[in-house]
2 protein chains.
Amino acid sequence: MDTEAIKDKIVQGGLKFTHQRMVIYEAVSKTHNHPTAEWVYEQVHEQNPSISLGTVYKTLDTFVNANIIQKFVDNNGVMRFDGIMEAHSHLYDNETNEIRDYRNQELEKLIKEFFDKNKIRDFEVEDISVVIKGHNK
Amino acid sequence: MDTEAIKDKIVQGGLKFTHQRMVIYEAVSKTHNHPTAEWVYEQVHEQNPSISLGTVYKTLDTFVNANIIQKFVDNNGVMRFDGIMEAHSHLYDNETNEIRDYRNQELEKLIKEFFDKNKIRDFEVEDISVVIKGHNK
DNA sequence: ATTATTGCAAAGCCTTTGCATCCTA
DNA sequence: TAGGATGCAAAGGCTTTGCAATAAT
């Protein structure tokens with residue numbers, strides 16, 4: 001994703017374009033590691049020592065509200081961010097805390113069809129994902 | 001669940017039986033509210049003002065390690081406990097943070113069959129659950 | 001008697017907040 | 001230039017830790 005594409009992403013989210021937002025979005029979108037705020041901070045800090053951790057937190061939150069990144073919580077209660085917006089499931093490694101994507105169209109179709117058929121009473125579903133816990137072998 | 005049954009549960013977990021463990025297990029098992037440590041503390045504190053919050057945390061953790069309760073993390077990164085050990089999914093209300101159980105045999109069967117058929121390379125699955133985010137209506 | 005458990009308070013980790021300064025549109 | 005974004009430091013919420021006192025086998 002080049003500078004222009006990132007700028008578009010940010011502006012499309014209805015946000016002002018700033019240098020901080022640029023490099024923070026870049027860091028999140030370039031990895032598949034489900035980064036923590038701390039990890040993002042370390043990435044951007046190398047080239048931009050003046051960016052503060054607080055700004056990283058605020059900016060990531062702004063992105064989540066603008067719907068250009070996703071946020072979720074890992075098994076230790078730490079916030080994780082993800083530039084991939086399509087629905088997908090996660091593999092949580094109980095031993096290393098690594099989180100890997102698990103994408104499978106058949107599974108997604110299966111689940112979508114199930115919930116289309118089985119509406120939940122009194123509950124408006126916004127997002128469904130499968131959490132798979134275990135360990136790498 | 002009466003006193004004897006709780007005692008059995010604790011002893012079966014390979015743990016010493018103490019008064020604190022008794023009342024803490026009782027509080028967790030009597031609710032379907034996916035309690036936080038704080039909630040458990042408030043419950044037991046009424047009748048047992050000497051039990052400390054630290055003991056509640058340690059005891060809940062001990063129970064998790066002994067496999068007699070489950071632990072997971074809510075959308076805000078707060079630990080939740082659950083006396084129900086069978087696999088089941090959760091409905092997360094984004095607005096109220098309430099967590100409700102969602103049990104559906106057909107869904108569980110669907111998912112079990114899917115993963116029996118589709119082994120994940122290099123990953124040993126220990127637990128699968130479906131996370132459904134949305135809001136009550 | 002020995003070893004684990006408890007209570008208390010302090011410390012830790014991650015995250016949010018407040019406010020003055022700075023910058024984008 | 002007006003209003004939002006940033007940097008910094010302080011505070012906040014939840015959880016863990018250390019240690020002396022206590023209780024269970």
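A note on names: the letters A, B, ... follow the listed sequences, proteins ahead of strands, and every chain is numbered from 1.
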(message) Counting only side-chain heavy atoms from C-beta out, which of C:dC14, C:dG7, D:dA5 sits nearest to A:R21?
(response) D:dA5

(message) What is the distance, to the nearest angstrom, from the CG atom on B:N76 to the P atom on D:dG13?
(response) 13 Å

(request) Side-chain contact test, heavy atoms from C-beta onward, threshold under 4.5 Å: evaluate it for B:Q70 versus B:M85 and give yes or no. (result) yes

(request) Please determine, by modelled atom types, if B:N97 and B:N76 share a side-chain donor-acceptor pair under 3.5 angstrom. (result) yes

(request) May I ask you to say what A:T62 touches in the nucleic acid, namely base, sugar-phosphate or nothing, with a heavy-atom cut-off under 4.0 Å? (result) nothing

(request) Would you indicate whether B:E95, at its atom CD, is surrounded by more than 12 heavy atoms from other residues, nucleotides or ligands within a distance under 6.0 Å? (result) yes

(message) Does D:dG7 have OP1 or OP2 under 4.0 Å away from a side-chain N or O of A:Q20?
(response) yes

(request) Could you check how far CG of A:N97 sits from P of C:dC14, rounded to whole Å? (result) 11 Å

(request) Not counting sequence neighbours, which residues clear side-chain hydrogen bond (donor to acceptor under 3.5 Å, both in side chains) with B:E42? List them please. (result) none

(request) Please confirm whether the backbone N or O of B:I84 pairs with a side-chain atom of B:D82, one donor and one acceptor, at under 3.5 Å? (result) yes

(request) Using whole Å, report how far OH of B:Y41 lies from P of D:dT15. (result) 15 Å

(request) Check the distance between C:dA4's P and B:I10's CD1 and give it to me in whole angstrom. (result) 18 Å

(request) Return yes if a side-chain donor-acceptor contact under 3.5 Å exists between B:H19 and B:N48, otherwise no. (result) yes

(request) Using whole Å, report how far CG of B:N65 lies from P of C:dA4. (result) 15 Å

(request) Quick one, give me the B/S/- string for nucleotides 16-25 of chain D, reading 5' to 3', where B means a protein heavy atom under 4.0 Å from the base and S means that only happens at the primed atoms, P, OP1 or OP2. (result) BBBB----SS

(message) Quick one, B:F114 and A:L110 - any side-chain contact, counting heavy atoms below 4.5 Å?
(response) yes

(request) Measure from CD1 on A:I51 to P on C:dC23 and round the result to the nearest Å. (result) 13 Å

(request) Take atom CE of A:M22 and atom C1' of C:dT24, then tell me their distance rounded to the nearest Å. (result) 16 Å

(request) Please check the phosphate of C:dT5 (OP1 and OP2 only) for any side-chain N or O of B:T59 closer than 4.0 Å. (result) no

(request) Round to the nearest Å and state the distance from A:W39 atom CH2 to C:dC14 atom C1'. (result) 18 Å

(message) Need one value for A:T36: base, sugar-phosphate or nothing, where a base atom within 4.0 Å counts as base even if backbone is also close, heavy atoms only.
(response) nothing

